[in-house]
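Values reported hereafter were calculated over all heavy atoms of this structure, with side chains retained and with hydrogens, waters and symmetry mates removed.
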Amino acid sequence: MTSRVAPSRSPRAANRHPEPRRVLLTGLLSLIAAGCGGVENYPQTAMEPKSDYALAIDSLQWLTIYLGVGVGIITFAILGYIVLRFRHKPGDTTVPEQIHGNTRLELAWTLAPAVLIAIIAVPT
């Protein structure tokens, strides 16, 4: 009776992560290729949209950026308030009041993202 041995796989086949040198070389070549458009004849920039479609995309991009920054600022402000207001105080062994089923809060954090998505979806 002979036993069959599974074919050995090379260690390189098991490792699916690219080598750092290969990633660096690919990134460098991508940057070099990005500059091959020629500035005088074919300016390729996202900062100066020329066509009507490019202007529409640019305004939608800025709307999304402003909304994202606004949500981030509000989120971090609320988080900072919560961290400072409700931090543990030395010697305090009481259990905080537990609040369950705050309907207003649940509606707020459900409707706010829906409204923001609608603001982005309608122009899109």
Single-linkage hydrophobic cluster [X]~[Y], side-chain heavy atoms < 4.5 angstrom:
X: Val115; Y: Val71; answer: yes
X: Leu60; Y: Tyr66; answer: no
X: Phe76; Y: Tyr81; answer: no
X: Leu116; Y: Ile120; answer: yes

Find the distance between [atom1] ([X]) and [atom2] ([Y]) and round it off to the nearest 0.5 Å.
X: Leu28; Y: Arg21; atom1: CG; atom2: CZ; result: 14.5 Å
X: Leu84; Y: Leu79; atom1: CG; atom2: CG; result: 9.5 Å
X: Glu19; Y: Leu25; atom1: CD; atom2: CG; result: 11.0 Å
X: Ile57; Y: Trp62; atom1: CD1; atom2: CH2; result: 15.0 Å

Given 3.5 Å as the limit, does a donor-acceptor pair link the side chain of Arg85 with the main chain of Ile82, or not?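 Not a single qualifying donor-acceptor pair exists.
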Is the shortest side-chain heavy-atom distance between Leu24 and Arg22 below 4.5 Å?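 They are not in contact (no side-chain heavy atoms under 4.5 Å apart), so the answer is no.
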Does any non-hydrogen side-chain atom of Leu67 lie less than 4.5 Å from one of Leu63?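 Yes. Closest side-chain heavy atoms under 4.5 Å.
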For Tyr53, is the OH atom crowded, meaning more than 12 foreign heavy atoms sit under 6.0 Å from it?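 Counting other residues, nucleotides and ligands, OH of Tyr53 stays at 12 neighbours or fewer.
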Greater than 12 external heavy atoms within 6.0 Å of Asp52's CG: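 No.
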Closest heavy-atom contact between Ala118 and Pro123?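 The answer is O-CD, 4.4 Å.
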Minimum heavy-atom distance Ala108-Pro113, with the two atoms named: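 Ala108 and Pro113 have their closest heavy atoms at O-CD, 4.3 Å.
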